[in-house]
Amino acid sequence: MMGRLIRHWIPFLFFILIPGLVVLFGYLMPGIAPLTELRDMMVEWAVIISAFAFLLGLLNVLQVHGRHIRRRRSGWFYSLILVLAMLLTWIPPAFQSLGLDFLGIPVSSEAQAMLATTSQWIFDYVITPLGASLAALLAFTLVLAALRIFRARLNAWAVIFLVTVVVVLLGSIPFTTGLEWLTGIRSWIIDVLSTAGIRGLLLGVALGVIVTALRVFIVSEQPYSES
Amino acid sequence: MIHCPKCRSANRRGSRFCNECGEPLPMQTALRCPMCGAMNPVGNVYCDKCRARLMPMVSDPETPEETQPPEVSSIKGLSLPTIPLDERAQTEASPEAGEFADDDDWLSQFRDGDVDMDEGPLVEEDDEAEEVDDWLSQLRDTAPDDSAMGEAEHPVQESEDDWLSQLRAPEPPEAIERPDTFDTDDDWLSQLRDTAPDDSVIGEPEHIVEESEDDWLSQLRAPGPPEAIEISDISDADDTDDDWLSQLRGETLEETISPAVPTSETAPDEFELEEDAIPDWLQELTPEPGVPGVEAPEAAAPWEEAALDEAAWEPEAEPGAVPDWLQELAPETGVPEPAAPWEEAALDEAAWEPEAEPGGVPDWLQELAPETGVPEPGVPEAPHPPFAEKIETDLFDETPDWLQELALEEEEPPILPSEVAAPVETEPEIEAGALPDWLTGLKAEVAPDEVLAAEPSAIETLVHGEIPAWVKDMQPRREEAPEEVLETEGLLQGLRGVIAPSEVIEQLQPSKRPLHIKADEATLSRAQLLQDLVMSAIEPPKPQPYKAQLQDVSVGERSLRWLIALALIVVTLGTLMFPALLPAIPSPTLSPSAPYDTIQNLNAGETVLLVFEYGPAESDEMDAIAQALVRHLLDRAVDLSIATTRPEGVAVAARLMKDMTADYTLIGYRPGGVTGIAQILREAQPTPQLLVILTARPGVLRWWVEQTYLEGAGHPPPIVAGLSAALEPFAGPYLAASPAQLAGSLIGLSQAAAYERHQGIEGDATRRLNALAVGHVMIVVLILGGAIPYAIVGRRRRKEQ
């Protein structure tokens, strides 16, 4: 009994119910100043906790991949590259932020400028091109899948899908003559059919968020529990 | 859990009926803990309740004698009806002398071993004891008739019971119905004859015989206290005895039933119960000193002498004192009567009875003596017990003559009274008046080969009973226990006789009945596949190397992939590198112009919050859109504040703004998703007049809109969104809302180009528009060009299938 009180009810009360109700009513009743201040304070705490969660994730990645490298598991070389890239991207900005003075190491201005631009250089000339390449590969894969859709199934829905793809792609091209009607059809598809579907999706998402929050409040759902 | 045989539902162990259907559940064997009495599964080594050991741990015996059978059945999985240790101890404990409350006590004495007559572990020792107890108890329990004048049907039984009862109790012996099975009596009697004389008794491996022998022998030898069971019983019995025993003492041996006992006919001194008063035959039976539990015969005490004198084995009963039933047995003409099985058994039992005087051996008994090996003149030869074992040759010389004569040979089992077969035709008929009817009917089918008869004619008249084979099988045999392997590891360490699982598995024979199943090849192939899957070891699938994966791809598929890639690359790169090759595509018209107008309405110095919510993957498209908006904002001379909730957002913003060479205020990165947005909106001071959101994710757009209107509390700043073309459907509801939650949106590269055109600037969006258009056209061509052939091929394959 006592254990359940400590493990379950106290955390729920002080970390779930009270903060959730304070933030909720803080937004519902913004005129109550103390409640608004309490709300803002809790939001700041959540941001701080999120920052530490990000740091925790970073350390966990280092730990996992470091174990792979140490035990020479399959794919340990890729883990090594990841760790090196992480350190290379993280250390220079860290030194830049902290300053090398606190280490007592005299650094020239050029070196400091280089440290300041290292991470940006990596981002500009390594990360960004790689990301763009992945996006392009996605386009290639979608084209290949659309091209073979008839081989897997030949039905009305496959035909409708294919026609829609063609209309939307061609409608995105600004044609000045001859195919303006294609642009109109595309706009109708986007504004009517697609928008209606997205509306329903957004409403469902909003309702789901509300229900999930209520379930957490009434202890019907315990994402924080081990059971 | 016990599964119901009817509905297969699970029930708690110990349930007698199924909870679902009420079907009686089969009783399952279990092991009962000797400590707490809890029932445990058969395979348990330790009790589930009290952790007591259920299976005894047997240590390695140093000598064969130390090898003892386990208390619990050594056969794994077999659960015999368990008896609590206390009860078992009680049953196995030697009762105190003089306590004959239970009929089994006197027998159990010998079983447990004041007199250790064991020569080795017996196979059916306990069973024999139980069997002996059974028939003995039966003997004792039945209401006896007068010992001498009992029913004609069971005169010998009564005689047996008499001496037995006399041994135990002072009451007049009761006639006990002789059990149908004479084997047990005959067994121990025969065993008495077979064992060596130097054994303490007529030492046979069977406990029964030895114990019974030990009884009277111990009485003779041991200078025990008066409370000695046998002696007291004998003396007590003697006091009240008026039966054939006393009668036999002074009578001739004609009516005696102890022909095997060498009488003192030629050795009168043998009956003198002095120091050398122990008869020769008894002396010969005296065990060697040093045999445990056996005492050398000592000078009989006077009371012993009296007991011996009056013991039933003194064949000195006068003919006149012989009971009628016994007299009826005695042949008038002296011709040995055909010995009935029970009679022979009685004779066997009487083998250990004190020797009768030479003159007291009845003729009929003498006639039963074997032809060979006549021990002494006048010594009646006991009829050859039909199912006594052969005397060991090593000990043959030491055994008394009468005992030697009782050496068994391989003979046919005697005929039981209830199984009397047709009489042997060759046997001479006995006068009807001489024998009772029941005795006349007990004629053996086949006369034994060796008949202990003095005269061949007398032998022929004897009806030898045949012991059925099943009775012979019940005879305890000394069998060497098979060598049992000792378990040296595992839970059964220290146990012997553990059945190896291979033995059990090998016993399982496959069904030889053919299965008449008609199945097509497809079914058989599926069955074979299933069997292969089941039989194969479950292993995680090993990742195929890349080359192996490539080998799985056909040449046509590879060619198609290369074709698509080359087409797209050539078209886009060519358009970008050589824009003059294609005619310029006119920029679209910005419609609606709401985003432009919104930014255009800003005044110089107003704060604009610019949010970068995209990463490197979307940067190619989003950078073009962002540049158009940022350029316009910079043209309006507003104060830019840059914030992001993505870790890489700061780097993206820095790259873009570096190219734009603009001044801005960096709020920075705020983690937490929605909470970060709220934090940014709270920190953005002064309150921004415009919020420009650059994102390629629908969720981020939604968060910003929601938080903006929440933080704004009625006066939210206008929101202009720069979105990827994929988010065009997601922006529609916000744009179509009333009032619109988005003041304007710039969606995709085409609208960015239109925005630039509206500004009169030719930026990246305009330059990439041609490549975008050509790429779209190529994709459409590839899709249409490949879908139609694939449709035709796929239709053919489906038809084939």
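Computed over heavy atoms, backbone and side chain alike; hydrogens, waters and symmetry mates excluded. The structure presented is a predicted model; accordingly, all values stated were derived computationally and were not measured. Throughout, protein chains are lettered first and strands after them, A, B, ... in sequence-line order, and every chain is numbered starting at 1.
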**Student:** Give, as side chain, backbone, both or neither, the part of B:V652 having an atom under 4.5 angstrom from any heavy atom of chain A.
**Tutor:**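 Both parts, backbone and side chain.
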**Student:** Which atoms of A:L201 come close to chain B, meaning under 4.5 Å heavy atom to heavy atom: side chain ones, backbone ones, both, or neither?
**Tutor:**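 Contact with chain B involves the side chain of A:L201 alone.
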**Student:** Using the side-chain contact (heavy atoms from CB on, under 4.5 Å) rule, take A:L202 and B:Y734 through it: C-alpha gap first, then chi angles, then the decisive distance, then the call.
**Tutor:** CA-CA 11 Å; A:L202 293 174; B:Y734 295 102; 3.9 Å; yes
**Student:** Against chain A, label B:L749 side chain, backbone, both or neither, depending on which of its atoms sit under 4.5 Å from a heavy atom there.
**Tutor:**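 No part of B:L749 comes within 4.5 Å of chain A.
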**Student:** Where does A:L134 contact chain B at under 4.5 Å (heavy atoms): side chain, backbone, both or neither?
**Tutor:**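 Neither the backbone nor the side chain of A:L134 comes within 4.5 Å of chain B.
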**Student:** Name the option with the most non-hydrogen atom pairs under 4.5 Å to chain A; the candidates are B:L568, B:I788, B:V780, B:T572.
**Tutor:**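 The answer is B:V780.
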**Student:** Side chain from CB out, backbone as N, CA, C, O: work out which of these in B:L560 comes under 4.5 Å of a heavy atom of chain A, or both, or neither.
**Tutor:**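 Interface part for B:L560: side chain.
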**Student:** Give the member of A:V166, A:I189, A:V23 that has the highest number of heavy-atom pairs under 4.5 Å with chain B.
**Tutor:**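 Among the listed options, the one with the most contacts to chain B is A:V166.
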**Student:** With a 4.5 angstrom heavy-atom cut-off, could you sort out which part of A:D124 is near chain B: side chain, backbone, both or neither?
**Tutor:**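 Answer is both: backbone and side chain atoms of A:D124 are under 4.5 Å from chain B.
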**Student:** Measure the spacing between CG of A:L144 and CG of B:L782 and express it to the nearest 0.5 Å.
**Tutor:**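 The CG atom of A:L144 sits 10.0 Å away from the CG atom of B:L782.
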**Student:** Looking only at non-hydrogen atoms, find the nearest pair between B:P729 and A:S194 and report the distance.
**Tutor:**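 Distance-wise, the nearest heavy atoms are CB-OG, 2.6 Å.
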**Student:** By a 4.5 Å heavy-atom criterion (distance strictly below it), what part of B:E683 contacts chain A: side chain, backbone, both, or neither?
**Tutor:**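 Looking at B:E683, nothing touches chain A.
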**Student:** Of all the heavy-atom pairs spanning B:S750 and A:S172, show the shortest one and how long it is.
**Tutor:**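 Looking at all heavy atoms of both residues, the closest pair is CB-O, 4.2 Å.
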**Student:** Side chain, backbone, both or neither: which part of B:E648 has an atom under 4.5 Å from a heavy atom of chain A?
**Tutor:**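 Both parts, backbone and side chain.
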**Student:** Which atom pair, heavy atoms only, marks the closest approach of A:F140 to B:A565?
**Tutor:**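 That closest heavy-atom pairing would be CE1-N, 3.6 Å.
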**Student:** Side chains of A:V43 and B:R682, heavy atoms from C-beta outward: is any pair under 4.5 Å?
**Tutor:**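 Heavy-atom side-chain distance check passes, below 4.5 Å.
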**Student:** To the nearest 0.5 Å, how far apart are CZ in B:R655 and OH in A:Y125?
**Tutor:**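 It is 9.5 Å, given to the nearest 0.5 Å.
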**Student:** side-chain contact (heavy atoms from CB on, under 4.5 Å) with B:T675: which of A:I48, A:I49, A:V47?
**Tutor:**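 Of the listed residues A:I48, A:I49, A:V47, the side-chain contact (heavy atoms from CB on, under 4.5 Å) partner of B:T675 is A:V47.
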**Student:** Provide the closest heavy-atom pair for B:A773 versus A:I173 in the form atom of the first, atom of the second, distance.
**Tutor:**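 Reported closest heavy-atom pair: O-CD1, 3.4 Å.
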**Student:** State whether the number of non-hydrogen atoms from other residues, nucleotides or ligands found under 6.0 Å of A:R72 atom CZ is greater than 12.
**Tutor:**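 Atom CZ in A:R72 is packed in, count exceeds 12.
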**Student:** Hey, which of B:R702, B:E706, B:R670 has the most heavy atom pairs under 4.5 Å with chain A?
**Tutor:**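 The candidate making the most pairs under 4.5 Å is B:R702.
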**Student:** Please step through side-chain contact (heavy atoms from CB on, under 4.5 Å) for the pair B:I783 and A:I149, ending with a clear verdict.
**Tutor:** CA-CA 9 Å; B:I783 290 174; A:I149 189 172; over 6 Å; no
**Student:** So which part of B:P698 gets closer than 4.5 Å to some heavy atom of chain A, the side chain, the backbone, both or neither?
**Tutor:**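 Neither the backbone nor the side chain of B:P698 comes within 4.5 Å of chain A.
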**Student:** More than 12 heavy atoms of other residues, nucleotides or ligands under 6.0 Å from CZ of A:R199: yes or no?
**Tutor:**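 Atom CZ in A:R199 is packed in, count exceeds 12.
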